[in-house]
Amino acid sequence: MEKKSPHILNSSSNLLGFSLIIITSLKITKISHNTHLDEFAGLACLLFTCSCFFSFLAIRTKHEKREIRFETIADYLFLIALFCIVLAVIILTMKII
């Protein structure tokens, strides 16, 4: 089985930056108090950060059992954070239209 940890780390760190851009743009435009966008983006930031952390641990550990456990945790955190970003984009799209 191919290791997913490097891919999770790369994707999580990129989407973490995307989430931070969402939060920053909401604060600059002062839209954050009208919607729940910043809450979803903030939760996604936390989850992407934890996903980065666990995928890094999976890459660095020497124990195969821990590697699999850390990789699985990182994978699920990444999926939940991705869902939060999708919700934020849906809310933004509905607000614009």
Novice: Looking at F54 and I73, what are the two nearest heavy atoms and their distance?
Specialist: CD1-CG2, 3.6 Å
Novice: Is the shortest heavy-atom distance from the side chain of L15 to the side chain of I85 under 4.5 Å?
Specialist: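 With C-beta onward as the side chain, the pair stays apart.
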Novice: Any chain of hydrophobic side-chain contacts (each under 4.5 Å) joining I22 to L87?
Specialist: yes
Novice: For the hydrophobic clusters of this structure (ILVMFWY residues joined by side-chain heavy atoms under 4.5 Å, transitively), does one cluster hold both I23 and V86?
Specialist: no
Novice: Working to the nearest 0.5 Å, report the span between CG of L77 and CG of L46.
Specialist: 10.5 Å
Novice: For the CD1 atom of I21 and the CG atom of L16, what is their distance to the nearest 0.5 Å?
Specialist: 10.0 Å
Novice: Specify the closest pair of heavy atoms between L37 and A88, including all atoms of both residues, with the distance to one decimal.
Specialist: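 Shortest heavy-atom contact: CD2-O, 2.8 Å.
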Novice: Go through the structure and list residues passing side chain to side chain contact (heavy atoms under 4.5 Å, CB included) with I59, not counting sequence neighbours.
Specialist: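 S5, P6, L9.
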Novice: To the nearest 0.5 Å, tell me how far R60 CZ sits from E67 CD.
Specialist: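 That separation rounds to 12.0 Å.
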Novice: If you define the side chain from C-beta out and look only at heavy atoms, does anything of S55 sit under 4.5 Å from F70?
Specialist: no
Novice: Is F78 linked to F53 within one hydrophobic cluster, defined over Ile, Leu, Val, Met, Phe, Trp and Tyr using a side-chain heavy-atom separation of less than 4.5 Å?
Specialist: no
Novice: Between the main-chain N or O of C45 and the side-chain N or O of T49, is there a donor-acceptor pair closer than 3.5 Å?
Specialist: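 Present.
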Novice: Checking F40 now: which residues fulfil ring-ring contact (aromatic ring centres under 6.0 Å, His included) with it, not counting sequence neighbours?
Specialist: none
Novice: Are any side-chain N or O atoms of S13 and backbone N or O atoms of N10, one a donor and one an acceptor, separated by less than 3.5 Å?
Specialist: yes
Novice: Measure from the side-chain N and O atoms of T61 to the backbone N and O of A58, and report whether any donor-acceptor pair falls under 3.5 Å.
Specialist: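 No, because the side chain of T61 does not come within donor-acceptor range (under 3.5 Å) of the backbone of A58.
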Novice: Taking the side chain as C-beta and beyond, is there a heavy-atom pair between E71 and L57 under 4.5 Å?
Specialist: no
Novice: Taking the side chain from S51 and the backbone from S12, do they hold a donor-acceptor pair closer than 3.5 Å?
Specialist: no
Novice: Would you compute the distance between atom CD1 of I80 and atom SG of C50 and round it to the nearest 0.5 angstrom?
Specialist: 10.5 Å
Novice: L20 and I28: same hydrophobic cluster, using ILVMFWY side-chain contacts below 4.5 Å?
Specialist: no
Novice: Linking I/L/V/M/F/W/Y whenever any side-chain heavy atoms sit under 4.5 Å apart, do I68 and F56 land together?
Specialist: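 No, I68 does not connect to F56 through the hydrophobic network.
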Novice: A side-chain contact here means heavy atoms from C-beta on lying under 4.5 Å apart; do L79 and D75 qualify?
Specialist: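 No, side chains not in contact.
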Novice: Rounded to the nearest 0.5 Å, what separation is found between the CG atom of L43 and the CZ atom of F83?
Specialist: 11.0 Å
